[in-house]
Amino acid sequence: QVQLAETGGGLVQAGGSLRLSCAASGRTSSGYVMAWFRQAPGKEHEFVAAISWLRVIFYSDSVKGRFTISRDNAKNTVYLQMNSLTPEDTAVYSCAGGGILSRKWDVYNNWGQGTQVTVSS
C-alpha cells in the first residue's frame with residue numbers, strides 16, 4: 001500500500017507563487033507515476049500535471065508555462081512549483097499516484113488528502 005502526503009498549500013496574493021510537495025511512502029515501484037489534480041468548490045476534478053519515473057511530463061493547458069512539476073526519485077517526492085497564480089487557481093490540490101501516465105483522474109490508484117490553495121485578488 002502507498003501513502004501520499006501533500007504539504008505546501010496556503011493563501012497567496014494573485015501573481016504570487018507557491019510550491020507543493022507530495023511524499024510517497026510504502027511500496028512504490030520504479031515505474032510509479034505521480035500527478036497533481038485540483039478541485040474547486042462545485043467543480044469536477046481537474047488534471048494539473050503528471051510526471052513519469054523517467055520524467056515524461058504532461059501539463060494541462062490552463063497551467064502550462066506557469067506551473068512546473070518535478071520529482072526526486074530518491075526521496076519518492078513530487079513537487080509542483082506554481083507561479084503567476086490567479087484566483088482561478090484556487091482549489092484543493094491533491095497528489096495522485098499509479099502505474100499509468102494519464103490526464104484522467106480515475107486511472108490513479110493512490111491519493112493524498114489534499115491541500116488547500118487560495119489565491120486572493
Side-chain angles (χ1 to χ4, degrees):
Q1 186 73 340
V2 177
Q3 293 80 41
L4 302 176
E6 304 99 335
T7 56
L11 174 64
V12 64
Q13 288 188 328
S17 299
L18 280 175
R19 188 192 195 208
L20 306 182
S21 300
C22 173
S25 59
R27 299 175 66 85
T28 60
S29 67
S30 62
Y32 197 64
V33 174
M34 300 185 80
W36 290 96
F37 288 79
R38 65 187 183 185
Q39 189 170 26
K43 295 189 175 181
E44 299 288 324
H45 273 100
E46 178 189 6
F47 171 76
V48 176
I51 185 168
S52 73
W53 183 264
L54 296 178
R55 298 179 176 83
V56 177
I57 291 173
F58 291 168
Y59 288 109
S60 71
D61 288 342
S62 62
V63 307
K64 193 177 296 182
R66 300 187 299 123
F67 291 10
T68 301
I69 190 171
S70 61
R71 67 186 292 165
D72 183 333
N73 289 337
K75 296 181 179 179
N76 277 337
T77 299
V78 65
Y79 305 96
L80 186 69
Q81 177 66 42
M82 305 185 294
N83 298 329
S84 302
L85 286 161
T86 74
E88 289 69 36
D89 295 313
T90 295
V92 174
Y93 284 70
S94 296
C95 177
I100 300 173
L101 184 64
S102 174
R103 292 178 173 87
K104 297 180 179 181
W105 69 271
D106 55 356
V107 306
Y108 291 91
N109 307 112
N110 311 122
W111 290 84
Q113 292 294 316
T115 185
Q116 178 70 45
V117 171
T118 302
V119 185
S120 63
S121 57

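Among all heavy-atom pairs drawn from V78 and S70, the shortest one is CG2-O, 3.1 Å. Minimum interatomic distance between L80 and A49 (heavy atoms only, all atoms of both residues): CD1-CB, 4.4 Å. Nearest heavy-atom pair, Y32 versus A24, reported as atom, atom and distance to 0.1 Å: CE2-CB, 4.4 Å. In this structure, P87 and S121 approach most closely via the heavy-atom pair CG-CB, 3.8 Å. Nearest heavy atoms, L4 versus G97: CD1-N, 3.7 Å. Here the closest non-hydrogen pair linking A50 and L101 is CB-CD1, 3.6 Å.
No side-chain donor-acceptor contact under 3.5 Å links R103 to the backbone of F47. E6 places a side-chain N or O within 3.5 Å of a backbone atom of Q113 that can act as its donor or acceptor partner. Counting only distance, with no hydrogens or angles, the side chain of Q81 and the backbone of R19 share no donor-acceptor pair below 3.5 Å.
Between atom CH2 of residue W105 and atom CD of residue E46 there is a gap of 14.5 Å, rounded to the nearest 0.5 Å. Note: I57 CD1 to S52 OG = 8.0 Å, rounded to the nearest 0.5 Å. The structure places CZ of R66 at 6.5 Å from CG of L85, a figure rounded to the nearest 0.5 Å. Here CE of M34 is found 8.5 Å from CD1 of I69. Values are rounded to the nearest 0.5 Å. If you take OG1 on T68 and OH on Y79, they are separated by 14.0 Å, rounding to the nearest 0.5 Å. Note: I51 CD1 to Y59 OH = 7.0 Å, rounded to the nearest 0.5 Å.
Cluster annotation: L20 and V2 are assigned to the same hydrophobic cluster (Ile/Leu/Val/Met/Phe/Trp/Tyr, side-chain heavy-atom contacts under 4.5 Å, transitive). Residues V33 and V107 fall within the same hydrophobic cluster, defined by Ile, Leu, Val, Met, Phe, Trp and Tyr side chains chained together at heavy-atom separations under 4.5 Å. Each of W53 and V56 belongs to its own hydrophobic cluster when Ile, Leu, Val, Met, Phe, Trp and Tyr are linked at side-chain heavy-atom distances under 4.5 angstrom.
In this structure, the side chains of R38 and T90 stay at 4.5 Å or more apart for every pair of heavy atoms. For the pair F67/L18, no side-chain contact is recorded, criterion being any heavy-atom separation below 4.5 Å from C-beta on. Between K75 and S21, every side-chain heavy-atom pair lies at or beyond the 4.5 Å cut-off. Looking at M82 and V117, their side chains come closer than 4.5 Å, going by heavy atoms from C-beta outward. Side-chain contact between W36 and C22 is present, with at least one heavy-atom pair separated by less than 4.5 Å.
For N73, the side-chain hydrogen bond (donor to acceptor under 3.5 Å, both in side chains) partners are R71, not counting sequence neighbours.
Two rings, from Y108 and F37, have their centers less than 6.0 Å apart.
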